[in-house]
Amino acid sequence: MTFTLATWNINSVRLREALVVALLRNEAPDVLCLQECKSPLDKIPVEQFRALGYTHMIGRGQKGYNGVAILSKLPIVETAAADYASLGHARHIAGRLENGVTIHNFYVPAGGDKPDRTVNDKFGQKLDYLTEMRNAFHADRPEKSIMVGDLNIAPREDDVWDHKKLLKIVSHTPVEVEHLAQAQDAGNWVDVTRQDIPQGKLYSWWSYRSPDWDAADKGRRLDHIWATPDISGAAHGSRILRHVRGWEQPSDHAPVFATFDL
DNA sequence: ATGGTAGGATCCCTA
């Protein structure tokens, strides 16, 4: 069985319903994981998604902020949700497919502007969130699992447009990269995107504040697809749909795709 | 050192 998975920070699923429909129509992933839905679950407009075959949806909603959802053509047999760092935010949902593969969908806290927890609570919360992710993966080692989402960290030098310039910018500081590596190691997670595309600059996010995002190309790879070693060898075809960032009234994130032959 | 844009809720917060 082959299935294709995508992850996309949509930055309001209600405002960008038509963009989600376009992506589902054009690319037809079997599973689409969304972050920053910014909507209660019962206000997500599912009619057109259903009509395209995405008859299954799980998620956690929140009014105005955060929010994660998984749209699927395939049945989802069991769901779970965590609230790491006890923030009370809708930042995680997990579901299992009938083939036994568990999918985790995360929206890791952005962490505010100053990379110093003594003056910026949000940065401390981000680090704590990652620490609790690590602890959870360590206590309950994932198997046959995929984890995706907006992790709000670009770990590698070639995951950002200028490594040196971003060393003190939240999303690329060494302390964040170390916390993310600890979470990744605890679950034995393989970075599927970099397994497929090992070399070169690769971004999934370009700020709205850059007047010409495409020409300036000051991007960061904040959105990730990881898999456990028992299925990571089945992954291929990773790609980031950069052109979607150029659609009318876009999200500031581009969707990330991977295909698994299981 | 600063400000740039966007979304959603409320007249500011978060990214």
Side-chain angles (χ1 to χ4, degrees), chain A residues 7-23 33-45 59-69 83-92 105-117 119-130 148-155 159-162 164-173 175-177 179-180 203-224 242-256:
Chain A
T7 178
W8 193 13
N9 178 317
I10 192 62
N11 188 17
S12 175
V13 68
R14 289 152 76 185
L15 187 70
R16 282 183 247 287
E17 175 186 6
L19 272 62
V20 175
V21 168
L23 188 81
C33 297
L34 297 171
Q35 304 88 35
E36 275 208 273
C37 296
K38 292 186 171 177
S39 171
L41 262 195
D42 61 359
K43 295 243 170 67
I44 293 179
R60 284 179 62 217
Q62 193 181 324
K63 190 175 157 189
Y65 302 97
N66 310 312
V68 288
D83 179 24
Y84 299 133
S86 303
L87 301 174
H89 296 173
R91 296 184 176 276
H92 172 258
N105 180 14
F106 278 101
Y107 176 49
V108 171
D113 285 331
K114 288 198 162 48
D116 177 352
R117 68 184 307 155
V119 298
N120 171 16
D121 287 342
K122 290 206 282 283
F123 192 72
Q125 289 169 0
K126 181 178 196 175
L127 298 181
D128 292 347
Y129 193 95
L130 293 161
V148 309
D150 177 3
L151 306 186
N152 265 315
I153 295 172
D159 290 336
V160 295
W161 65 278
D162 189 321
K164 284 187 181 170
K165 281 197 173 73
L166 290 177
L167 277 171
K168 292 180 178 172
I169 302 297
V170 172
S171 74
H172 193 60
T173 64
V175 65
E176 290 168 88
V177 171
H179 275 67
L180 186 67
Y203 315 136
S204 66
W205 173 87
W206 295 261
S207 172
Y208 284 127
R209 294 173 189 172
S210 185
D212 190 349
W213 71 274
D214 195 26
D217 201 20
K218 294 182 175 180
R220 307 176 200 170
R221 189 172 69 103
L222 304 180
D223 303 274
H224 300 268
R242 180 188 174 108
H243 69 276
V244 170
R245 177 64 177 79
W247 283 358
E248 188 80 12
Q249 202 172 29
S251 167
D252 44 354
H253 294 253
V256 183

| message | As a quick check of understanding, evaluate side-chain contact (heavy atoms from CB on, under 4.5 Å) for A:Tyr203 and A:Lys218, giving each step before the final call. | response | CA-CA 9 Å; A:Tyr203 315 136; A:Lys218 294 182 175 180; over 6 Å; no
| When rounded to the nearest Å, what value does the distance between C1' atoms of B:dA1 and B:dA6 take? | 23 Å
| task | Grab the NZ-C1' distance between A:Lys165 and B:dT2 for me, whole Å please. | result | 16 Å
| Does the side-chain contact (heavy atoms from CB on, under 4.5 Å) test come out yes or no for A:Glu36 and A:Tyr107, once each step is laid out? | CA-CA 7 Å; A:Glu36 275 208 273; A:Tyr107 176 49; 3.2 Å; yes
| said: Walk along nucleotides 4-14 of chain B from 5' to 3' and tag each nucleotide B, S or - by protein heavy-atom contact under 4.0 Å, base first, then sugar-phosphate. | reply: BBSSSS---BS
| field | Lys/Arg-Asp/Glu bridge criterion (N-O < 4.0 Å) met for A:Arg242, A:Asp214 | value | yes
| query | Taking the side chain from A:Arg220 and the backbone from A:Ser171, do they hold a donor-acceptor pair closer than 3.5 Å? | reply | no
| request: Consider only side-chain N and O atoms of A:Thr7 and A:Gln35, and report whether a donor and an acceptor are under 3.5 Å apart. | output: yes
| Distance between the C1' atoms of B:dT2 and B:dG7, in whole angstroms? | 23 Å
| query | Minimum heavy-atom separation for A:Gln249 to A:Arg16, with atom names? | reply | O-NH1, 2.9 Å
| query | Atom CG of A:Asp113 and atom C1' of B:dG3: how far apart are they, to the nearest Å? | reply | 11 Å
| Distance between the P atoms of B:dA9 and B:dT14, in whole angstroms? | 15 Å
